[in-house]
Structure formats: structure tokens, C-alpha cells
Amino acid sequence: MELMSTEKQGPVGVITWHHEEQNRFNTPFIMEFLEALAAFEADEGVTAVVITSNNPKIFSTGLYLDWIIATANKDIDLLREFLGLLGKMLAVCTGYPKPLIAALNGHTVAAGAILAACMDYRLMNSERGFVRLPEVQIDIPFWPGMTAILKDAAGEKCFREMAYTGGRFTAEQAKQMGFVDQTHPPDELLPKAIELGTKLGLANMATYSTIKRGNRSEVLRIMAEEDPQAAEQFIARMSASLG
């Protein structure tokens with residue numbers, strides 16, 4: 001793989017992103033990430049998956065906006081393909097049939113934070129990084145499924161504070177607000193995430209998946225039924241702004 005690496009640590013699969021400096025989302029990145037998730041899903045020896053970054057400062061800053069603008073200028077259908085993959089990635093992570101844990105080693109921003117919300121647990125570096133949803137400041141509305149998963153992961157009050165202000169929240173603040181489950185020093189972050197994955201992976205995977213999908217059934221429905229229209233609205237806005 002070119003944009004990320006995969007390895008097994010005991011029964012836990014680890015996906016480590018290294019896509020340019022900020023692990024921003026574009027079509028090649030999402031396709032490779034979905035491929036890695038599918039491989040670990042098919043591997044019966046893997047009972048949980050941890051996602052992290054090799055950049056000690058940044059987990060992900062979300063959408064690769066410069067790439068998106070260039071893509072829209074080139075061919076609007078390529079933008080449509082990307083948005084379809086974005087929606088698929090969020091839905092796959094939301095309903096992934098094995099425990100899925102985010103080890104947030106640094107800044108977790110915009111769609112990077114939304115993707116982290118799709119995972120079952122979020123552990124964060126206690127010494128570096130912030131969580132931020134700047135969409136209100138950059139004029140990019142959330143899709144209905146994004147709002148739903150953020151509320152599901154952290155609660156309506158946390159979502160309101162993050163989404164309405166666009167503020168930066170430290171790991172400890174994000175933990176107090178409910179977005180982050182645990183904080184750990186950087187050298188303990190990945191081992192603790194693997195430890196949690198090992199524990200969660202002791203469950204019967206069919207039962208775990210059924211419980212998760214039942215808990216998130218409304219989120220998954222919204223993603224499937226309402227997000228495609230939101231994607232088309234995004235395309236229309238992009239087309240209008242590009243003339």
C-alpha cells in the first residue's frame with residue numbers, strides 16, 4: 001500500500017496512515033483505506049482494528065480541499081465519484097462488523113473528526129493535538145449522516161459546542177465533552193488502543209456486529225437515504241462557485 005501501512009499486533013489489525021503531511025481525504029486515499037478495512041474484515045485472525053497516523057502531530061485534517069477544487073474544475077463527475085466514496089467510507093466505519101478504534105495521535109479536524117466519530121472508541125494523545133469542527137467557519141454544511149454520527153458518538157451538547165463554535169478542543173477537553181473516551185501519553189497511545197481492541201475482540205463478532213448495527217441503525221439509515229442528496233447539493237454549490 002502506498003498511502004498507509006497495515007500490520008497485525010496479535011489479534012488486532014493496525015492501519016497507519018501516511019498520506020502526505022495531513023492525511024487529507026481524496027479518492028486514492030479513501031479507496032486504499034476501504035481496501036485495508038475490507039482485508040482485515042475478511043481475515044478471521046483479526047478481531048479488532050485500530051486506525052492511527054505516523055505523523056506525531058496530525059491524525060487527519062479531513063477533506064483535501066485543494067484537490068477537490070482541482071478535481072471539480074477538471075470533471076464534475078470525478079467530484080461525484082469522490083463524494084460517493086466519502087459517504088461509503090463513513091458508512092463502512094459506522095457499521096464495521098469488528099471493533100474499530102481510533103488512536104488520535106494529533107490534530108483531528110473537520111472530516112477527520114467526523115470519521116473518528118464513526119469508530120467505536122476514540123483514544124487521544126494527552127500531550128499534543130486538538131479536535132475541531134471548523135465547518136461553520138469555512139462554509140461547508142454537515143451532511144445529515146455526519147450530524148447523526150457526531151451526536152451518536154458524543155451527544156447533542158458536545159456536537160452543538162463543537163459545531164456552532166468551530167473551536168479547538170484539547171484532548172482533555174474533548175474527553176470531558178464526551179468526544180474522546182481515553183487520553184494517554186504518546187508512547188502509550190497505540191499500546192492502549194491495541195489493548196482495548198484485544199479486549200473487545202474477545203466477543204463473538206456476529207453478536208458484536210448485531211449490537212453495533214442495532215445501536216446505529218438510524219445513523220446508517222440517514223447515511224444511506226439522505227446523504228446522497230446532500231452530496232448532490234455540495235456538487236451544485238461547487239459548480240456554481242466555479243462558474
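Worth saying up front: this structure is predicted, and the values here are computed from it rather than measured.
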For the side chain of [X] and the backbone of [Y], is there at least one donor-acceptor N/O pair under 3.5 Å apart?
X	Y	value
R132	V109	no
N125	P185	no
N26	Y64	no
S126	H184	yes
Q22	S60	no
N23	H19	yes
T108	L104	no
D227	W143	no
T6	I15	no

Taking the six-membered ring for Trp and the single ring otherwise, decide whether the centroids of W67 and F25 are under 6.0 Å apart. no
Determine whether the aromatic ring centres of residues F33 and W17 are separated by less than 6.0 angstrom. yes
Answer whether the closest heavy-atom distance between the side chains of [X] and [Y] falls below 4.5 Å.
X	Y	answer
I149	M223	yes
E32	M4	yes
R128	K57	yes
L220	K212	no
S209	R213	yes
H18	N55	no
F29	L3	yes
V180	F169	no

Give the C-alpha distance, both sets of side-chain angles, the deciding distance and a yes or no for side chain to side chain contact (heavy atoms under 4.5 Å, CB included) between L133 and L150. CA-CA 10 Å; L133 294 175; L150 286 163; 3.9 Å; yes
Are [X] and [Y] connected in the hydrophobic side-chain network, where two residues link if heavy atoms are under 4.5 Å apart?
X	Y	answer
M162	I138	yes
I235	I30	yes
L202	V49	no
M177	V136	no
I76	I68	yes

As a quick check of understanding, evaluate side chain to side chain contact (heavy atoms under 4.5 Å, CB included) for R122 and Q182, giving each step before the final call. CA-CA 7 Å; R122 287 157 296 285; Q182 301 176 21; over 6 Å; no
For the residue pair [X] and [Y], what are the closest heavy atoms and their distance?
X	Y	answer
M238	A72	CE-CB, 3.9 Å
A193	A103	CB-CB, 4.1 Å
A171	T183	O-CG2, 3.7 Å
D139	P141	O-CD, 3.8 Å
F59	G112	CE2-O, 4.1 Å
A113	F179	O-CZ, 3.4 Å

If you apply the rule side chain to side chain contact (heavy atoms under 4.5 Å, CB included), what do you find for I58 with N105, and how did you get there? CA-CA 7 Å; I58 297 173; N105 50 287; 5.9 Å; no
Heavy-atom neighbours of [X] [atom1] exceed 12 at 6.0 Å:
X	atom1	result
Q176	CD	yes
E7	CD	yes
E2	CD	no
E156	CD	no

Hydrogens and angles aside, do N54 and T16 bring a side-chain donor and acceptor to less than 3.5 Å of each other? no
Got a sec, which hydrophobics cluster with V14, joining ILVMFWY side chains under 4.5 Å apart, including via others? V12, V50, I101, Y121, L123, L189, L190, I194, L196, L200, M205, Y208
To the nearest 0.5 Å, atom OG of S53 lies from atom NE2 of H107 at 11.5 Å
What I want to find out is whether [X] reaches [Y] closely enough, with some N-O distance under 4.0 Å, to be called a salt bridge.
X	Y	result
R24	E20	yes
E226	R221	yes
K175	D181	no

Which donor-acceptor pairs under 3.5 Å do side chains of residues 78-99 form with protein atoms, sequence neighbours excluded?
unit_1, atom_1, unit_2, atom_2, d
R80, NE, E232, OE2, 2.8
R80, NH1, D77, OD1, 2.8
R80, NH2, E232, OE1, 3.1
T94, OG1, L90, O, 2.7
Y96, OH, L37, O, 2.7
Y96, OH, E41, N, 3.1
K98, NZ, F40, O, 2.8
K98, NZ, E41, O, 3.1
K98, NZ, D43, O, 2.8
K98, NZ, V46, O, 2.7

